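Being a predicted model, the structure only gives us computed values, none of them experimental. Throughout, protein chains are lettered first and strands after them, A, B, ... in sequence-line order, and every chain is numbered starting at 1.
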Amino acid sequence: MPPDMDWDLKGFFMLLEQSGISVWVRESPSLLAFPTVISLHAVGMGLVAGGNAAMDLRILGFAQGIPISSLERFVPVIRFGFWLNAISGLLLLLAYPTKALTNPVFYLKLLFIALALVDTLLIRKQIIYKAVAPDTSVATKGKILAAVSLALWAGAIISGRLLAYTYHYLNSSFDSRRGY
Amino acid sequence: MDAYVKSLQTWLMNTSVSYAMNNYHYAWRTSESIHFIGLSLLIGTVGLFDLRMMGLLRRVPLPALHRLIPFGILGYCMNVMTGLTFLAGAPDQYIYNPAFQMKMLFMGTAGLNVAVFYLTMYRRVAAAGPAAEAPLPARIAGTVSLLCWIGVIFCGRFLTFFRPPGWHWCPWC
């Protein structure tokens, strides 16, 4: 237990960890529990980050046969990936609340995702909705937004991957993982 | 056969890549991060193309969407290379892992599916009009492709739960 950690927070983490859904995801021997939830999180990542990347690459000037206005058709796929990951991510968070919420990298990941979502919204509002056929090239502003989007999703993926290496406490017992 | 696999295992463990994976602190996490970015590139381009062949996103011209496939190939190559670093880093943890064997099976099926698609269907798909629906065989190929890649992802994430020596699959032993 870190000295500056509020006891109420510890109680909150314990409450979450003892909830039925948390125990099931974390401790059930069923492959449908933790293994499937984390697999769905990877599939959703491919859809949301990958679908966004495909959109960004088109805006950057690749695959110019795709009309800019038709990029809106990518959105349902991206949205599906997002919700798949919001739900599976929430389940993973419930399974190990202390592990995620005491790790600054987790908040960095959320920040990357929030910024990436805002960026995608800007791309849709300022580039895709305004596109009129035949719309092959995009103004520099759109290309900057697309490049930033690629970087933000890469940031979200990398910080997500690093969660396995950077956490300080696995659960609310606050036994330090790395001996400090 | 088993002797051959064992010698491959020994060879992998003596590579400099294996040394780096086991002695450079940031090696695994770096490889893993690249592996996940490659996964996203693959699903975001190939997966989208598969969905289009299955009948979704019909307003996106199929031949134009195919122009994004090189990024999927890039993702695939990133993942083969980083995947090999994992294999070299801990060969026994993969070779005898049932999830890894299933993953290779899914990858093989996906590869076969790609070969059949490009040899027998691609020309018709490439010549199709912008709003055209993919012919039935291409719809099937798209479905098989998407299911295989989802299978690959699941098996990849299942690796952790089927680790040797607790698990030990060796069909060739």
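- A distance of 12.5 Å separates OG1 in B:Thr45 from CZ in A:Phe62, rounded to the nearest 0.5 Å.
- Using a 4.5 Å cut-off between heavy atoms, A:Ile157 touches chain B through its side chain atoms alone.
- Counting heavy atoms of neighbouring residues, nucleotides and ligands inside a 6.0 Å radius, atom CH2 of B:Trp169 does not exceed 12 of them.
- When each of A:Ile38, A:Thr36, A:Leu40, A:Val43 is tested with B:Arg157 by the rule side-chain contact (heavy atoms from CB on, under 4.5 Å), just one qualifies, namely A:Ile38.
- To the nearest 0.5 Å, atom OG1 of residue B:Thr30 and atom CZ of residue A:Arg161 are 11.5 Å apart.
- Contacts between B:Phe162 and chain A at a heavy-atom distance below 4.5 Å involve the side chain alone, from C-beta outward.
- Note on A:Tyr165 and B:Met21: same hydrophobic cluster, where clusters join Ile, Leu, Val, Met, Phe, Trp and Tyr whose side-chain heavy atoms are under 4.5 Å apart, directly or indirectly.
- Linking ILVMFWY residues whenever their side-chain heavy atoms come closer than 4.5 Å, directly or via other members, places A:Phe82 and A:Ile128 in the same cluster.
- Side-chain heavy atoms closer than 4.5 Å link hydrophobic residues (I, L, V, M, F, W, Y) into clusters, and following such links, even through other members, never connects B:Tyr24 to B:Leu84.
- Of the two parts of A:Leu31, the backbone and the side chain both hold a non-hydrogen atom closer than 4.5 Å to a non-hydrogen atom of chain B.
- Of residues 46-77 of chain B, those residues lying under 4.5 Å from chain A by any heavy-atom pair are B:Leu48, B:Leu51, B:Leu57, B:Arg59, B:Val60, B:Pro61, B:Ala64, B:Leu65, B:Arg67, B:Leu68, B:Phe71.
- Heavy atoms of other residues, nucleotides or ligands lying less than 6.0 angstrom from CE of B:Met13 number more than 12.
- Other residues, nucleotides and ligands contribute only 12 or fewer heavy atoms inside 6.0 Å of the CZ atom of A:Phe80.
- Interface residue B:Phe36: backbone and side-chain heavy atoms are both found under 4.5 Å from chain A.
- Contacts between A:Ile158 and chain B at a heavy-atom distance below 4.5 Å involve backbone atoms as well as side-chain atoms.
- A:Leu152 and A:Leu60 sit in two unconnected hydrophobic clusters of ILVMFWY residues. Membership requires side-chain heavy atoms under 4.5 Å apart, directly or through other members.
- Heavy-atom neighbours of B:Tyr19 OH from other residues, nucleotides or ligands within 6.0 Å: at or below the threshold of 12.
- Between the CD1 atom in B:Ile150 and the CG atom in A:Leu47 there is a gap of 7.0 Å [rounded to 0.5 Å].
- B:Ile153 and A:Ala42 get closest at one heavy-atom pair: CG2-CB, 3.5 Å.
- Hydrophobic cluster membership is shared by A:Val75 and A:Val48, with clusters built from Ile, Leu, Val, Met, Phe, Trp and Tyr side chains linked at under 4.5 angstrom.
- Looking at B:Trp28, the atoms closer than 4.5 Å to chain A (heavy atoms on both sides) sit in the backbone and in the side chain alike.
- Atom CD1 of A:Ile21 is surrounded by 12 or fewer heavy atoms from other residues, nucleotides or ligands within 6.0 Å.
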